[in-house]
Each structure stands twice: as structure tokens, then as C-alpha cells.
Amino acid sequence: MAADDFSRRVYAVVRSLEPGDLVSYGDVAAQAGRPGAARAVGRLMAGSDGLPWWRVVTSTGRLVPGLEREHAAHLESEGFTIRGNRVVPDDRVS
DNA sequence: TATCTGACGATAG
DNA sequence: CCTATCGCCAGAT
């Protein structure tokens with residue numbers, strides 16, 4: 001069914017993410033063919049493993065609630081700058 | 001089949 | 001900038 005294909009596509013998209021890449025849940029949902037299903041994407045990511053989930057953040061750049069610590073560590077390893085619980089969009093005046 | 005849940009997103013206060 | 005609320009979607013029970 002459509003929903004099944006959707007979840008399949010979501011996994012494919014996340015698996016295709018490369019180091020240094022950063023996308024939002026809404027982005028993944030849209031690329032999976034279901035814009036607006038950002039929430040469903042998060043649901044799928046939570047139950048799946050072996051995927052670069054840390055390369056996916058919320059639309060506002062907020063890190064995953066409950067895993068902020070680990071999430072931040074992964075992103076920093078990819079070369080991103082984390083401030084508080086958010087990915088810094090751009091380094092600006094300190 | 002009905003209902004609840006949640007790693008979201010946008011808007012309002 | 002932060003919290004609260006509503007709307008949306010797929011999965012689980």
C-alpha cells in the first residue's frame with residue numbers, strides 16, 4: 001500500500017545521506033513522496049536502526065529530544081557546530 | 001475497525 | 001527566545 005512504500009522510501013532517503021549532509025524530517029517526508037508526514041518519518045526513524053538518523057533534525061534545527069547529547073556528538077563529528085540543543089545555521093558574531 | 005501515540009511543523013501567546 | 005496548541009500521517013495495540 002502507499003504507506004508501505006512511503007516508509008520504504010524514507011529508509012532509502014536517510015540511508016542515502018552522506019557525512020556533512022543535514023536534512024529535516026519534513027524534507028525526508030517530501031522526498032519520500034508524502035509532504036506533511038514529517039511526524040510519521042520520526043515515528044519510523046525511532047523504530048529503525050542502522051540508519052544515519054543523526055543527519056536528520058527538525059525544521060528549526062532542533063536536535064532529537066532525549067538524544068540531544070548523542071545527536072550533538074554525531075553532528076560535531078561531521079563538522080557541524082552545536083549550540084545548546086540546536087544546530088548553528090551559521091557562525092556569526094559570538 | 002477504532003483509538004492512542006509520537007525522534008514533526010506552523011502559528012499564536 | 002520559549003512554551004502551548006492544533007493539524008497531519010503512519011504505526012502499534
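On a predicted model such as this, the values are computed, not experimentally measured, just so you know. Chain letters run A, B, ... following the sequence lines, proteins first, then strands; residues in each count from 1.
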- Look at all strands and tell whether A:Leu44 reaches a base, only sugar-phosphate, or nothing, counting heavy atoms closer than 4.0 Å. sugar-phosphate

- Is there a chain of hydrophobic side chains (I, L, V, M, F, W, Y, each step under 4.5 Å between heavy atoms) that links A:Trp54 to A:Leu63? no

- Do the rings of A:His74 and A:Trp53 sit parallel, tilted or perpendicular, given the 30° and 60° boundaries? perpendicular

- For A:Arg8 and C:dG11, what is the distance between atoms CZ and P respectively, to the nearest whole Å? 13 Å

- Message: According to side chain to side chain contact (heavy atoms under 4.5 Å, CB included), who are the partners of A:Arg62, at least two apart in sequence or on a separate chain?
- Response: A:Thr58, A:Thr60, A:Arg86

- Query: Quick one: are A:Val57 and A:Leu22 in side-chain contact, heavy atoms under 4.5 Å?
  - Reply: yes

- Encode nucleotides 6-13 of chain B as B, S and - characters from 5' to 3', where the letter depends on protein heavy atoms closer than 4.0 Å: B to the base, S only to sugar-phosphate, - to neither. BBBSS---

- Check the pair A:Arg55, A:Glu78 against side chain to side chain contact (heavy atoms under 4.5 Å, CB included), reporting the backbone distance first and the verdict last. CA-CA 9 Å; A:Arg55 272 150 4 195; A:Glu78 306 266 315; 3.0 Å; yes

- Is B:dT1 paired to anything, Watson-Crick or G-U wobble with both distances less than 3.5 Å, and if yes, which nucleotide? none

